[in-house]
Peer 1: 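Here you go, one structure.
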Amino acid sequence: MIESTILQVLQSDTELVSYVTTFANLPAIFSESAPEGAKKPYITFRIAELSPAHTAIARFSLYTDYWDYGTSKAVARKAAERMKFLLDQKYFEHERYSKIRISFFSGGTVDEDDPLVIHYNQQYSIRACRKQWSEQFKKG
């Protein structure tokens, strides 16, 4: 899917990576879940496919989560604002998809059992044209 594109966008932004630690010499931004031993603050994201594989337009949901531990949510808000700036209403390309468009849907803090856990979640909708379909239209 398009995880590699999202990861590249997030890990290449110097402001965003200033809000997270590092893991294996890379910014602590992970697809699906953080690996064992990752230190907060870090970002996780996951993508859920919503459309069948045989359609020309693919639809996805993107969920981003900023995780920290402490007393201030200020950095979490800054990181969330930066992710929104990087992703919302932007177009991206991928080897399987063209014209990937990401749109912000909702976001906010998530209450956790431990009051010191800082968790900020955002949700986006993604619409992408499958390249195999667009290439067939070009030939026709």
Side-chain angles (χ1 to χ4, degrees):
M1 292 207 301
I2 60 176
E3 286 89 351
S4 60
T5 300
I6 302 299
L7 185 61
Q8 181 182 7
V9 168
L10 298 178
Q11 284 187 333
S12 65
D13 185 72
T14 55
E15 182 178 339
L16 182 62
V17 301
S18 73
Y19 301 132
V20 299
T21 59
T22 59
F23 184 82
N25 296 320
L26 293 171
I29 301 172
F30 310 106
S31 176
E32 298 293 327
S33 61
E36 188 174 321
K39 304 266 189 251
K40 290 181 176 85
Y42 57 75
I43 294 169
T44 58
F45 70 92
R46 67 183 174 85
I47 298 172
E49 190 165 3
L50 305 174
S51 58
H54 63 277
T55 59
I57 303 298
R59 296 181 196 286
F60 305 91
S61 288
L62 167 65
Y63 305 92
T64 63
D65 294 278
Y66 181 87
W67 297 91
D68 201 354
Y69 193 83
T71 57
S72 174
K73 295 180 181 176
V75 175
R77 281 191 295 275
K78 288 179 184 178
E81 289 170 8
R82 189 64 185 173
M83 283 188 283
K84 187 175 177 183
F85 172 80
L86 294 170
L87 298 172
D88 187 37
Q89 302 302 312
K90 301 291 191 311
Y91 287 93
F92 301 98
E93 293 289 324
H94 182 268
E95 65 261 11
R96 291 180 56 201
Y97 302 96
S98 62
K99 298 185 181 174
I100 299 168
R101 180 160 188 202
I102 301 177
S103 301
F104 178 77
F105 180 72
S106 68
T109 57
V110 178
D111 291 333
E112 297 290 337
D113 291 338
D114 182 340
L116 292 178
V117 170
I118 297 169
H119 181 189
Y120 199 99
N121 173 267
Q122 292 179 321
Q123 297 176 32
Y124 298 84
S125 61
I126 301 175
R127 180 181 161 112
C129 182
R130 296 182 202 279
K131 281 190 178 177
Q132 68 183 34
W133 288 81
S134 61
E135 289 170 3
Q136 287 178 354
F137 289 123
K138 287 178 187 177
K139 292 178 186 176

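Position 1 is the first residue of the sequence; numbering continues from there. Values below: every heavy atom of this structure, side chains too, minus hydrogens, waters and symmetry copies. As the structure is a computational prediction, the values presented were derived from the model and not from experiment.
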Peer 1: Return the set of residues passing ring-ring contact (aromatic ring centres under 6.0 Å, His included) with F30 (not counting sequence neighbours), or none when no residue passes.
Peer 2: F23, Y42
Peer 1: Mind checking whether I100 and F60 have side chains closer than 4.5 Å, heavy atoms only?
Peer 2: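 Sidechains of F60 and I100: no contact.
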Peer 1: Could you tell me which non-hydrogen atom of L26 sits nearest to which non-hydrogen atom of Q11, and how far apart they are?
Peer 2: CB-NE2, 4.2 Å
Peer 1: Drop me the distance from D88's CG to I102's CD1, to the nearest 0.5 angstrom.
Peer 2: 9.0 Å
Peer 1: Give the minimum heavy-atom separation between P27 and V20, together with the two atoms involved.
Peer 2: CB-CG2, 4.3 Å
Peer 1: Among V110, V75, N121, find the residue that satisfies the side-chain contact (heavy atoms from CB on, under 4.5 Å) test when tested with Y66.
Peer 2: V75
Peer 1: Check the hydrophobic clustering (I, L, V, M, F, W, Y; side-chain heavy atoms under 4.5 Å; chains of links allowed) and say if L86 and F105 are grouped together.
Peer 2: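 Hydrophobic grouping puts L86 apart from F105.
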Peer 1: Using modelled atom types and a 3.5 Å cut-off, is there a donor and acceptor pairing between side-chain atoms of Q122 and backbone atoms of A80?
Peer 2: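 Flag set: sc Q122 to bb A80 pair under 3.5 Å.
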Peer 1: Side-chain contact test, heavy atoms from C-beta onward, threshold under 4.5 Å: evaluate it for E3 versus F45 and give yes or no.
Peer 2: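 Yes, their side chains come closer than 4.5 Å.
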Peer 1: Check whether any side-chain heavy atom of S31 lies under 4.5 Å from a side-chain heavy atom of L7, and answer yes or no.
Peer 2: no
Peer 1: Do I47 and E49 have side-chain heavy atoms sitting under 4.5 Å apart?
Peer 2: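 No, too far: nothing below the 4.5 Å cut-off.
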Peer 1: Could I get the full list of side chain to side chain donor-acceptor pair (under 3.5 Å) partners for E15, not counting sequence neighbours?
Peer 2: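 Y19, R82.
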Peer 1: To the nearest 0.5 Å, how far apart are NZ in K84 and CZ in R77?
Peer 2: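 Separation between the atoms: 14.5 Å.
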Peer 1: Assess whether atom CG of D111 is packed by more than 12 heavy atoms of other residues, nucleotides or ligands within 6.0 Å.
Peer 2: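 At most 12 heavy atoms, drawn from other residues, nucleotides or ligands, come within 6.0 Å of this atom.
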Peer 1: Does atom NZ of K39 have more than 12 heavy-atom neighbours from other groups under 6.0 Å away?
Peer 2: no
Peer 1: Taking the side chain as every heavy atom from C-beta outward, state whether F104 and Y124 have any atom pair closer than 4.5 Å.
Peer 2: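 A side-chain contact under 4.5 Å exists here.
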Peer 1: How long is the span from the CG atom in L87 to the CG atom in L62, to the nearest 0.5 Å?
Peer 2: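 Those atoms lie 6.5 Å apart.
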Peer 1: Are side-chain heavy atoms of T71 and L116 found at a separation under 4.5 Å?
Peer 2: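 SC-SC contact between T71 and L116 confirmed.
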Peer 1: Mind checking ring-ring contact (aromatic ring centres under 6.0 Å, His included) for Y63 and listing every partner two or more places apart, or none if nothing turns up?
Peer 2: none
Peer 1: Looking at CG of L16 and CE of M83, how far apart are the two atoms once the value is rounded to the nearest 0.5 Å?
Peer 2: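 These two atoms lie 6.0 Å from each other.
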Peer 1: If you group Ile, Leu, Val, Met, Phe, Trp and Tyr by side-chain heavy-atom gaps below 4.5 Å, do I43 and F85 land in one group?
Peer 2: yes
Peer 1: Side-chain heavy atoms under 4.5 angstrom apart, residues restricted to Ile, Leu, Val, Met, Phe, Trp, Tyr: same cluster for L10 and Y120?
Peer 2: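 Shared cluster, yes.
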Peer 1: Within the structure provided, determine whether W67 and E112 are in side-chain contact (heavy-atom separation under 4.5 Å).
Peer 2: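 Contact flag for W67/E112 side chains = yes.
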Peer 1: Whether the side chain of T21 engages the backbone of P41 through a donor-acceptor N/O pair (distance < 3.5 Å, no angle test) should be reported.
Peer 2: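 Between the backbone of P41 and the side chain of T21 there is a qualifying donor-acceptor contact (under 3.5 Å).
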Peer 1: Once you round to the nearest 0.5 Å, how far does OG1 of T5 lie from OH of Y97?
Peer 2: 10.5 Å
Peer 1: For atom NZ of K40, is the number of surrounding heavy atoms from other residues, nucleotides or ligands below 6.0 Å larger than 12?
Peer 2: yes
Peer 1: Taking atom CD1 of I29 and atom OG of S12, what is their separation to the nearest 0.5 Å?
Peer 2: 8.5 Å
Peer 1: For the side chain of D68 and the backbone of I118, is there at least one donor-acceptor N/O pair under 3.5 Å apart?
Peer 2: no
Peer 1: Check whether any side-chain N or O of K99 sits under 3.5 Å from a backbone N or O of R127 as a donor-acceptor pair, and report yes or no.
Peer 2: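 No, K99 side chain to R127 backbone: no donor-acceptor pair under 3.5 Å.
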Peer 1: Please give me the minimum heavy-atom distance between S61 and L50, naming the atom from each residue.
Peer 2: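 In this case the closest contact between S61 and L50 is OG-CD1, 3.3 Å.
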Peer 1: Quick one: does any side-chain atom of Q123 pair with a main-chain N or O of S106 as donor and acceptor, under 3.5 Å?
Peer 2: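 Side chain of Q123 to backbone of S106, a donor-acceptor pair under 3.5 Å: no, none is there.
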